[in-house]
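The figures here come from the full heavy-atom set of this structure, side chains too, leaving out hydrogens, waters and symmetry mates. Here the structure is a predicted model, which means the values were calculated and not measured.
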Amino acid sequence: MTPSAEQLIDAAKYLSGQIGVSYHAWELGYGALDQLQAAIAVIHTCDAYFRALVERGAQNTLFLDRSLYALRDVRNREKLVIGVLVEIRGSADMKPTTVHGGRAG
């Protein structure tokens with residue numbers, strides 16, 4: 001069964017947060033491309049990234065600890081930015097949102 005455009009978009013929203021695509025990068029991609037194109041770009045990135053990891057592993061040049069530390073640092077920066085925005089706007093002004101894979105929707 002072929003996934004629908006809506007299913008691809010939902011999957012990409014979830015995956016983007018899981019593979020370390022920063023919120024800023026997602027917003028840029030989402031703004032520059034239509035929803036489906038942005039979704040396909042994220043899904044393609046997942047495949048390309050996985051293939052690159054496999055290739056590095058085969059060459060004994062894969063250092064996942066560095067990748068995990070970098071991912072942690074990106075997440076910490078995003079949390080800091082969100083915290084600052086909450087302080088600036090005040091928590092009462094924040095609209096309720098749902099979260100999909102680390103992305104507010």
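- Under the 4.5 Å side-chain heavy-atom criterion for Ile, Leu, Val, Met, Phe, Trp and Tyr, Leu15 and Ile40 are members of the same hydrophobic cluster.
- Crowding of Gln37 atom CD: a count of heavy atoms from other residues, nucleotides or ligands under 6.0 Å exceeding 12.
- Residue Leu28 holds its CG atom at 10.0 Å from CG of Leu33, rounded to the nearest 0.5 Å.
- Between Glu55 atom CD and Leu62 atom CG the span is 11.0 Å, to the nearest 0.5 Å.
- Going from atom CD1 of Ile43 over to atom CG of Leu8 covers 4.5 Å, rounded to the nearest 0.5 Å.
- Proximity of a side-chain donor or acceptor of Gln7 to a complementary backbone N or O of Ser4 within less than 3.5 Å is detected.
- Residues satisfying the salt bridge (charged side-chain N to carboxylate O under 4.0 Å, His left out) test with Asp47, not counting sequence neighbours, are Arg51.
- The distance from atom CG of Asp73 to atom CD of Glu78, rounded to the nearest 0.5 Å, is 11.5 Å.
- The two residues Ala38 and Gly29 have their closest heavy-atom pair at CB-O, 4.0 Å.
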